[in-house]
Amino acid sequence: MTSPTRAVCPHCAWPDDAEPFQVVSRHGTGDGRTLWTRCGCGSLQVRVVDGGGTRIVSRSRPAVAQPG
């Protein structure tokens, strides 16, 4: 799944502004909020929410499944 008009997760191609994602924690800042979220694929993301909207400023790779 690709989207020419919206940002997508580089690991699973899920649109960044769509569900499912889980909010792991929320933190107020002087300019807005910082949200730590988890994408449906497991990628941990840092989202900044301020007057400019919401944007992902950092993203991890999905966790590698451990055998067993």
Side-chain angles (χ1 to χ4, degrees):
M1 165 185 4
T2 61
S3 171
T5 60
R6 297 190 309 183
V8 298
C9 176
H11 308 294
C12 69
W14 194 263
D16 285 341
D17 61 349
E19 300 290 338
F21 68 84
Q22 173 189 18
V23 176
V24 178
S25 67
R26 303 168 204 249
H27 306 276
T29 67
D31 295 327
R33 293 181 305 187
T34 300
L35 300 175
W36 288 78
T37 64
R38 193 167 300 281
C39 181
C41 70
S43 170
L44 188 62
Q45 305 165 350
V46 179
R47 296 173 184 245
V48 172
V49 183
D50 59 17
T54 301
R55 61 194 177 282
I56 296 175
V57 297
S58 183
R59 182 186 328 250
S60 74
R61 294 182 181 188
V64 176
Q66 298 296 319

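Note that the coordinates shown come from a computational prediction; the quantities given were computed from them, not determined experimentally.
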Leu35 vs Val49, side-chain contact (heavy atoms from CB on, under 4.5 Å): CA-CA, chis, key distance, verdict:
CA-CA 8 Å; Leu35 300 175; Val49 183; 3.9 Å; yes
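Within the structure, salt bridge (Lys or Arg N to Asp or Glu O under 4.0 Å) pairs that include any residue of residues 54-63 comprise Asp16-Arg59, Asp50-Arg55 (at least two apart or interchain).
Applying the side-chain contact (heavy atoms from CB on, under 4.5 Å) criterion to Val24, with sequence neighbours excluded, gives Trp36, Arg38, Leu44.
Note: Arg26 CZ to Thr34 OG1 = 12.5 Å, rounded to the nearest 0.5 Å.
Closest approach of Cys41 and Pro62 over heavy atoms only: O-CB, 3.3 Å.
Under the 3.5 Å distance criterion, the side-chain polar atoms of Ser43 are matched with a main-chain donor or acceptor of Ser60.
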